[in-house]
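Notes to accompany the following structure.
Every number for a ligand or one of its atoms is a count from 1 in the order of the listing.
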Amino acid sequence: MTTAALWIAASLLSAASAVAATSSPPSPVLPASAAQHIINVDVAIVGAGASGAYAAIRLKEDFGKSIAVIDKSSRLGGHVSTFDDLSTGKPFDFGVNSYNDYGPAKDFFNRLGISFSPAPRVALTQRFVDFQTGRPVAYEPSSNQDRKAALQKFLTVTEPYEKFLLPGYWNFPQPRDIPEDLFLPFAQFVNKYNISACANQVFEVTGMGVGDFQNSLTMYVLSAFNQPMIRTFLGNGTIFTPNSRRNIEVYEKIQARLGSDLLLGSTVVQSERANNGHSLWVENGTTGRYTLVKAKKLLIAIQPTKQNMEPFNLDRTEKAVFDKLEQSVVHCGIVTHPSLPIDVSIVNIPAAGAPANYMALPKPNFNARFDYMGGNSTNWRVLMVGKKDLNKDKAQGIANKNFEDMVKRGTLSSGGPTNLEIKAWSEHGAVNMHASAREIRNGFIQRQYALQGHKGTWWTGGAFSHQFQAVLWAFDDVLITKMLA
Ligand SMILES: Cc1cc2nc3c(=O)[nH]c(=O)nc-3n(C[C@H](O)[C@H](O)[C@H](O)COP(=O)(O)OP(=O)(O)OC[C@H]3O[C@@H](n4cnc5c(N)ncnc54)[C@H](O)[C@@H]3O)c2cc1C
Ligand SMILES: *[C@@H]1O[C@H](CO)[C@@H](O)[C@H](O)[C@H]1NC(C)=O
Ligand SMILES: *[C@@H]1O[C@H](CO)[C@@H](O)[C@H](O)[C@H]1NC(C)=O
Ligand SMILES: *[C@@H]1O[C@H](CO)[C@@H](O)[C@H](O)[C@H]1NC(C)=O
Ligand SMILES: *[C@@H]1O[C@H](CO)[C@@H](O)[C@H](O)[C@H]1NC(C)=O
């Protein structure tokens, strides 16, 4: 780093602490001249995960907009994690599992020239273990018949609300008109409708991402396991993956099409935003050099956590929304150890789940499972869900502790190294950002959606819609129409 760059970094730091102390917007500390390049575009997009990458393609190719896409990662695709395993020569997806046939998903695959087919399933035998102790649990899953009946009930009860929730909360009712069911903590909802026979499936497929499943509002469980998903599990709907079985192919194709519109390995460190235009100081993470991106419009497609929002100097209206959001955190990994059983999924079920208490489920921080990944590999997937301070060390610590306890109790055979070998790991960060029932009754959703276009800034991503790629693509389609109106 040059002396000048050091100085700039130091003054940025002090500016950041000044913001924290006074919460008044700081004047920019980086002058325009700090930038090596200046780029002028119609739309700057921050974040190139599911929502940002799709919006970029549409804005560029369908609306002829000039764009600049900024992502801190060296690749596109956010939660998609494809592990190209050298030992088997096969790919293993350990983040995003598949794409739902919802909204524009299939058309988008066709457009990118990606052939696809129903997601293959690895047939696994389930073993139930309480990961708190490492001891087996005599748990009896609900019968297929009961589970289907419960799922059908879940669908019938929630289908009338679909128009409020999908593909985003554009038509969400005013506070006094919100159906009470949407506010029920999910455990109460399950009791009310006697649908516990499907609770375990809802949890294990995607519902665990909400964190505290029992107490999560039903509307947020529905954002993690929505009506199209319920239909799919009832046999009406498909989930698919590229025929390459590499989910990342979608984003590799997008990356190739966006080419020099991408600023990867880069973050926004400072901004000036206004209705008629924005300046973003974008730092190259490798060189520490700045590019000044000047944009007529700004589309933010990263998780609106406190840390992520710092460079954007949110105003009072914006803070009043984002300060209310809570989140859970997810990590996924591929681990291996000679004691882990082939063709088995070791599922974390608290002892209280025996024999058939389907709402007894692990609470954060937890590892949901060790799933054998198939393909003649020695790969097992772990899926960690936690509170917002669950960092990588803690998450790996939990996986190792779960494993050691199972060995100690004789649930798994002993021998071999003490610890799991970690072959791949991805830190998914904040997911399922949500507000409390109280805030939603106070008009949170309406205030959140009123931010669209405020200060010439538009918002997409999981915090504004659902935790599904295809839903976010459909959400973007609506958003772009509004943005360009
Ligand atoms: C483990 C897991 C499995 C999932 N499985 C599925 C599935 O099978 N099917 C499905 O449809 N959905 C799945 N989802 C949900 C889906 O992945 C998310 O809903 C979706 O990715 C959210 O898209 P997004 O654009 O909001 O954020 P992301 O896809 O997370 O994209 C955010 C992007 O912003 C970048 N970024 C973050 N912070 C900054 C910053 N400060 N500056 C610059 N760039 C930044 C990140 O690098 C990332 O590329 C899964 C999610 C997880 C966590
Ligand atoms: C609740 O559902 C179960 C099946 O999961 C069924 O056996 C039971 O009779 C139902 N109870 C009531 C009160 O409907
Ligand atoms: C399948 O779901 C669609 C809604 O996506 C619905 O219109 C249709 O009736 C359903 N079909 C069956 C057989 O339930
Ligand atoms: C960041 O700098 C490296 C090294 O010069 C360069 O290869 C890369 O393209 C730069 N990234 C961007 C987004 O400009
Ligand atoms: C696993 O390996 C065996 C023998 O090497 C082979 O017959 C089989 O097709 C392989 N299975 C998969 C899923 O690759």
Side-chain angles (χ1 to χ4, degrees), residues 45-55 69-81 93-102 105 119 142-143 145-150 152-153 155 159 162 166 191 193-199 205-206 208-209 223-224 226-232 234-237 239-241 247 251 263-269 282-283 285 300-305 307-312 328-333 356 358 368 381 383-385 426-433 459-473 475-476:
I45 302 172
V46 183
S51 63
Y54 178 86
V69 183
I70 300 140
D71 198 293
K72 69 176 179 187
S73 169
S74 58
R75 59 150 179 99
L76 277 60
H79 294 310
V80 178
S81 310
D93 274 296
F94 67 109
V96 164
N97 173 72
S98 49
Y99 298 83
N100 293 55
D101 180 12
Y102 177 84
S142 54
S143 69
Q145 195 189 349
D146 286 352
R147 185 178 46 75
K148 280 211 156 179
Q152 184 58 59
K153 183 87 188 274
L155 182 61
E159 226 164 15
E162 190 170 349
L166 279 168
N191 267 337
Y193 293 105
N194 188 31
I195 58 164
S196 75
C198 72
V205 175
T206 45
M208 86 271 285
S223 81
N226 56 25
Q227 290 88 349
M229 196 74 172
I230 305 175
R231 284 190 201 101
T232 300
L234 285 169
N236 181 10
I239 49 176
F240 55 89
T241 56
N247 285 330
Y251 294 94
L263 288 91
L264 296 181
S266 301
T267 50
V268 175
V269 292
V282 177
E283 183 180 18
I300 299 192
I302 59 180
Q303 291 77 9
T305 57
Q307 195 190 354
N308 271 347
M309 291 300 101
E310 236 159 57
F312 296 99
S328 47
V329 160
V330 170
H331 295 250
C332 294
Y358 301 128
R381 181 190 191 219
L383 181 46
M384 324 293 305
V385 180
S426 63
E427 200 168 344
H428 294 277
V431 298
N432 287 287
M433 297 192 81
W459 303 85
T460 182
F464 279 78
S465 172
H466 285 202
Q467 291 296 323
F468 291 95
Q469 316 239 336
V471 172
L472 288 167
W473 298 344
F475 175 89
D476 277 356

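Atom 7 (O) of ligand 3 lies below 4.0 Å from none of the non-hydrogen atoms of the protein. Contact annotation for atom 14 (O) of ligand 2: protein present (non-hydrogen atoms, distance under 4.0 Å).
Taking distance alone, with nitrogen or oxygen atoms compared against 3.5 Å, Leu472 stays at or beyond that limit from ligand 1.
Ranking the protein heavy atoms by distance from atom 10 (C) of ligand 3 puts Asn236 ND2, 2.4 Å first. Shortest contact from atom 48 (C) of ligand 1 to any protein heavy atom: Asp71 OD2, 3.4 Å. At the top of the distance list for atom 9 (O) of ligand 2, counting protein heavy atoms only, stands Asn194 ND2, 4.7 Å. Protein heavy atom in closest approach to atom 29 (O) of ligand 1: Ala50 N, 3.2 Å. Nearest protein heavy-atom contact of atom 43 (C) of ligand 1 is Lys72 N, 3.3 Å. Residue, atom and distance of the protein heavy atom nearest to atom 45 (C) of ligand 1 are Ile302 CG2, 3.3 Å. When only non-hydrogen protein atoms are considered, atom 4 (C) of ligand 3 lies nearest to Arg231 NE, 3.8 Å. In terms of protein heavy-atom proximity, atom 13 (C) of ligand 1 is closest to Val96 CG2, 3.8 Å. Regarding atom 41 (N) of ligand 1, its nearest protein heavy-atom neighbour is Asn308 OD1, 2.8 Å.
Listed by number with element, the atoms of ligand 2 under 4.0 angstrom from any heavy atom of Ala197 are 5 (O).
When heavy-atom distances to ligand 1 are checked against a 4.0 Å cut-off, Ser51 comes that close through both its backbone and its side chain. Heavy atoms of Val268 found under 4.0 angstrom from ligand 1: none, in either backbone or side chain. Both the backbone and the side chain of Gln469 come within contact range of ligand 1, each with a heavy atom under 4.0 Å. Counting heavy atoms closer than 4.0 Å to ligand 1, residue Gln307 contributes nothing at all.
Among all heavy-atom pairs drawn from His428 and Ser81, the shortest one is CE1-OG, 3.7 Å. Shortest non-hydrogen contact noted between Thr241 and Asn97 is CG2-O, 3.4 Å.
Here the OG1-CD distance, from Thr305 to Glu310, works out to 9.0 Å after rounding to the nearest 0.5 Å.
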